[in-house]
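Down below is the structure, laid out as structure tokens.
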There are 2 protein chains.
Amino acid sequence: MTVKRAAVLQVLRDSQGHLQPDEIYRRAKELYPGMVLATVYNNLHALCEAGLIRRIRTADGADYYDKTPTPHEHAVCTECGMMLDLELGDLHTAFSKKTDLPILSYDLIVHTVCPDCKAKQKQA
Amino acid sequence: MTVKRAAVLQVLRDSQGHLQPDEIYRRAKELYPGMVLATVYNNLHALCEAGLIRRIRTADGADYYDKTPTPHEHAVCTECGMMLDLELGDLHTAFSKKTDLPILSYDLIVHTVCPDCKAKQKQA
DNA sequence: AATCATTTTAGAACAATTCTATTTTGGAGG
DNA sequence: CCTCCAAAATAGAATTGTTCTAAAATGATT
């Protein structure tokens, strides 16, 4: 665990929980001006392998990193891109009841409007 | 509906149901040697807008196009990449019971091993 | 036959991520 | 306190699927 790696982790832990690489880079660079995008990627990968964080890929190509590595689902706000945590219960079991195929894992992203954006919509 | 567009649609309809753009391109070029990748993309977009096919984006960046536009879920074989249809029931309702956030839509891909690959695994 | 929007085409552009090769770093052993 | 070495960081190029741009072709409608 190097200083730069710790910085990447800290940035994520100091956030609401889900950030995209470029935003992590932007914030980490404030702590370490010498920080470079490749280092952010290297360390995000390393931290994922270590199980300290989790990578969440969405269907529109955006990658988010989650400071909470325990399994749960996610919603993305269609207005601002903010990612929120969801607890949808034991989907593995629910899905298994509906198909004979083995369920190794699944990717699930719910599209929503976050409370903040919902409030702004009502104003307008 | 032009000849090229019809060809793209036909390729998809003549398939098992889910193809990636490069494979659609490969097959469409057999029908129309002059076919170009940009035309395939143009027409896939147009056919999606027309509601005749559906685009399915996966978290690892692969795009599939589905000849069946009615809503259902999908599984992808981790061995061969083949996409299979799933019917998992009314997930919109199921998810709504678990969260207060509005559920506009969701992207779901299950990772599985298809029957063919499962058979091959047992052989080995 | 003329017009004009749509489609097709070729090729450049794009953007996020990964890769490659070089340099730097920091700890372990002497 | 050095020296060495593996790991990490860096710069910048490469990759890849998709989208964009501008020009050429097409085809339906006057």
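These figures come from a predicted structure and were not determined experimentally. In what follows, chains carry the letters A, B, and so on, assigned in the order in which the sequence lines appear, proteins first and then strands, with residues in each chain numbered from 1. Both backbone and side-chain heavy atoms feed into the values below; hydrogens, waters and symmetry mates do not.
- Looking at the side chain of A38(A), the nearest of the listed nucleotides dA16(C), dA11(D), dT9(C) is dA11(D).
- Atom-to-atom, CG of D63(A) to P of dT16(D) comes out at 18 Å; the value is rounded to the nearest Å.
- Rounding to whole angstrom units, NZ of residue K29(A) and P of dA11(D) are separated by 11 Å.
- The side chain of Y41(B) places an N or O atom within less than 4.0 Å of a non-bridging phosphate oxygen (OP1 or OP2) of dT18(D).
- Listed nucleotides: dA16(C), dT18(D), dA9(D). Nearest to the side chain of R55(B): dT18(D).
- Y32(B) places its OH atom 16 Å from the C1' atom of dA25(D), with the value rounded to the nearest Å.
- With respect to D63(B) and R55(B), a salt bridge is recorded, a charged nitrogen being found less than 4.0 Å from a carboxylate O.
- Residues L9(B) and L19(B) share a hydrophobic cluster, clusters being chains of Ile/Leu/Val/Met/Phe/Trp/Tyr side chains in contact below 4.5 Å.
- Look at H45(B) and you won't find any side-chain N or O under 4.0 angstrom from OP1 or OP2 of dT18(D).
- For T2(B), counting side-chain heavy atoms from C-beta on, the closest listed nucleotide (dT7(C), dA10(C), dA9(D)) is dT7(C).
- Atom CE in M1(B) sits about 10 Å away from atom P in dT7(C), given to the nearest Å.
- For the pair R27(B) and E30(B), the salt-bridge criterion is not met [side-chain N within less than 4.0 Å of a carboxylate O].
- Rounded to an integer number of Å, the gap from CG of D60(A) to C1' of dT17(C) is 15 Å.
- Which of dT18(D), dT10(D), dT17(C) sits closest to the side chain of L37(B) comes down to dT18(D).
- With rounding to the nearest 0.5 Å, the separation of OG in S15(B) from CE in M83(B) is 11.5 Å.
- Distances shown here put every side-chain N or O of K4(A) at or beyond 4.0 Å from the OP1 or OP2 atom of dT25(C).
- Nucleotide dT7(C) holds its C1' atom 7 Å from the CZ atom of R5(B), rounded to whole Å.
- Between the CE atom of M35(A) and the P atom of dA8(D) there is a distance of 14 Å, given to the nearest Å.
- The nucleotide whose nearest atom lies closest to any side-chain atom of N43(B) is, among dT8(C), dT17(C), dT18(D), dT8(C).
- Here dT9(C) is the nucleotide among dT7(C), dT10(D), dT9(C) with the atom lying nearest to any side-chain atom of N42(B).
- Whole-Å rounding puts the E23(B) CD to dG17(D) P distance at 13 Å.
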Requested in this report: Dump the intermediate steps for side chain to side chain donor-acceptor pair (under 3.5 Å) on Y106(A) and E73(A), then the final yes or no.
Outcome: CA-CA 10 Å; Y106(A) 57 86; E73(A) 285 76 39; 2.8 Å; yes
